[in-house]
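What follows is a single structure, written as structure tokens, with notes after it.
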Amino acid sequence: MPEEEAFCVFVKLMQDYRLRELFKPSMAELGLCMYQFECMIQEQLPELHVHFQAQSFHTSMYASSWFLTIFLTSFPLPVATRIFDIFMSEGLEIVFRAGLAVLQMNQAELMQLDMEGMLQHFQKVIPHQFDGGPEKLIQAAYQVKYNAKKMKKLEKEYTTIKTKEMEEQVEIKRLRTENRLLKQRIETLEKVSYLKLSTH
């Protein structure tokens, strides 16, 4: 692409394809993607979800790089670039689809492993499953149920949860300040009464 066109595509990816939001310091958008992806696992792969929970294997431990790099650091280049092509055409939906397809393909093996074993499996085994090319993964990705309306609903849920958490943090901060001021007042009163007693 000529430089100007490439820059225009980059701006489009950042603004309309949510990438800028993923990389903001708060990483709120990544948190949202993790929440939506975990809900998809819970609904479509319930046994695996229970196993992940039992092993304290959080979604972000294996899936955050999938969203942040659109699989470019996780899969062989021919597979990752194919996913990236679809991403440029259709948006982040393909990352959810491909991610769930990977979990479906590996569910039986993952169910046998503990946290350490699962991390190894994601890093060492899964990337080589697609050395033959992207077709198998792309086909499986399009078999995955993806409901855009449901994703919107989950987004609202997540925003509500986060707003509530923020409000609670503000309240905790206020109570801490109040507590500190009360402590200071008690200390001052104790000093005053001690001085009064010693002068008597």
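The structure presented is a predicted model; accordingly, all values stated were derived computationally and were not measured. For this chain, numbers begin at 1 and follow the sequence in order.
Taking NZ of Lys149 as the start and CG of Leu154 as the end, the distance is 14.5 Å to the nearest 0.5 Å. Atom CZ of Phe75 is separated from atom CZ of Phe84 by 15.0 Å, given to the nearest 0.5 angstrom. Atom CZ of Phe122 is separated from atom OG of Ser74 by 10.0 Å, given to the nearest 0.5 angstrom. Note: Met115 CE to Gln55 CD = 7.5 Å, rounded to the nearest 0.5 Å. In this structure, Ile94 CD1 and Ile138 CD1 are separated by 5.0 Å, a value rounded to the nearest 0.5 Å. Here CG of Leu113 is found 9.5 Å from CZ of Phe57. Values are rounded to the nearest 0.5 Å.
One hydrophobic cluster, built from ILVMFWY side chains closer than 4.5 Å, cannot hold both Met61 and Val50; they sit in different ones. Grouping the Ile, Leu, Val, Met, Phe, Trp and Tyr side chains by contacts below 4.5 angstrom, directly or via other members, places Ile161 with Met40. Clustering ILVMFWY residues whenever any of their side-chain heavy atoms sit less than 4.5 angstrom apart, transitively, puts Met111 in a cluster other than the one holding Val125.
At least one donor-acceptor pair closer than 3.5 Å links the side chain of Asn106 to the backbone N or O of Val102. Proximity of a side-chain donor or acceptor of His49 to a complementary backbone N or O of Cys39 within less than 3.5 Å is not detected. At distances below 3.5 Å, not a single donor-acceptor pair connects side-chain atoms of His121 with backbone N or O atoms of Glu109.
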Practice problem: Verify side chain to side chain contact (heavy atoms under 4.5 Å, CB included) between Leu72 and Leu77, making sure each step is shown before the conclusion. | Solution: CA-CA 7 Å; Leu72 283 163; Leu77 213 52; 4.2 Å; yes

Exercise. Determine, stepwise, if the pair Tyr35 / Glu157 fulfils side-chain hydrogen bond (donor to acceptor under 3.5 Å, both in side chains).
Key: CA-CA 10 Å; Tyr35 180 75; Glu157 256 175 45; 2.6 Å; yes

Quiz item: Are Gln143 and Gln104 close enough, and set up right, to give a side chain to side chain contact (heavy atoms under 4.5 Å, CB included), and what steps lead you there?
Solution: CA-CA 11 Å; Gln143 299 303 309; Gln104 279 172 343; 5.8 Å; no

Exercise. Could you give me the CA-CA distance, side-chain angles and deciding distance for Leu181 and Gln184, then say whether side chain to side chain contact (heavy atoms under 4.5 Å, CB included) is met?
Key: CA-CA 5 Å; Leu181 292 170; Gln184 284 171 356; 3.8 Å; yes

Practice problem: Verify side chain to side chain contact (heavy atoms under 4.5 Å, CB included) between Met88 and Leu13, making sure each step is shown before the conclusion. | Solution: CA-CA 8 Å; Met88 287 177 81; Leu13 290 175; 4.1 Å; yes

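Heavy-atom minimum distance, Ala98 versus Ile83: CB-CD1, 4.2 Å. Between Gln107 and Leu45, the closest heavy-atom pair is OE1-CD2, 3.3 Å. Here the closest heavy-atom approach between residue Pro76 and residue Pro127 is recorded as CD-O, 3.2 Å. Between Gln44 and Lys145, the shortest heavy-atom distance links the atoms NE2-O, 2.8 Å. Looking at every heavy atom in both residues, Val144 comes nearest to Ala101 through CG2-N, 3.9 Å. The heavy-atom pair separating Leu137 from Met105 by the smallest distance is CA-CE, 4.0 Å.
Residue Phe10 qualifies as open at atom CZ: its count of foreign heavy atoms under 6.0 Å is 12 or below. Within 6.0 Å of CZ in Phe23 there are more than 12 heavy atoms belonging to other residues, nucleotides or ligands. By the 6.0 Å contact criterion, CD on Glu4 is open, its count of non-hydrogen atoms from other residues, nucleotides or ligands being 12 or less.
The aromatic ring centres of Phe87 and Phe71 sit 6.0 Å or more apart.
Here side-chain hydrogen bond (donor to acceptor under 3.5 Å, both in side chains) pairs that include residues 75-85, with residues two or more places apart or in two chains, are Arg82-Glu135. Evaluation of the side-chain hydrogen bond (donor to acceptor under 3.5 Å, both in side chains) test over residues 11-28, restricted to residues two or more places apart or in two chains, returns Lys12-Asp16, Arg18-Glu29, Glu21-Lys24. Annotation: salt bridge (Lys or Arg N to Asp or Glu O under 4.0 Å) contacts involving residues 92-102, sequence neighbours excluded, comprise Glu93-Arg97. For residues 34-60, every residue pair satisfying the salt bridge (Lys or Arg N to Asp or Glu O under 4.0 Å) rule, not counting sequence neighbours, is listed here: Glu43-Lys150. For residues 169-178, the salt bridge (Lys or Arg N to Asp or Glu O under 4.0 Å) pairs, not counting sequence neighbours, are Glu171-Arg174, Arg174-Glu178.
Residues Met118 and Phe52 are in side-chain contact: their nearest non-hydrogen atoms beyond the backbone lie under 4.5 Å apart.
Residues Gln123 and Tyr62 bring no donor and acceptor atom of their side chains to less than 3.5 Å of each other. Between the side chains of Thr73 and Thr69, a donor-acceptor pair is found at a separation under 3.5 Å.
Taking the salt bridge (charged side-chain N to carboxylate O under 4.0 Å, His left out) definition, one finds that Glu165 meets it with Lys162, sequence neighbours left out.
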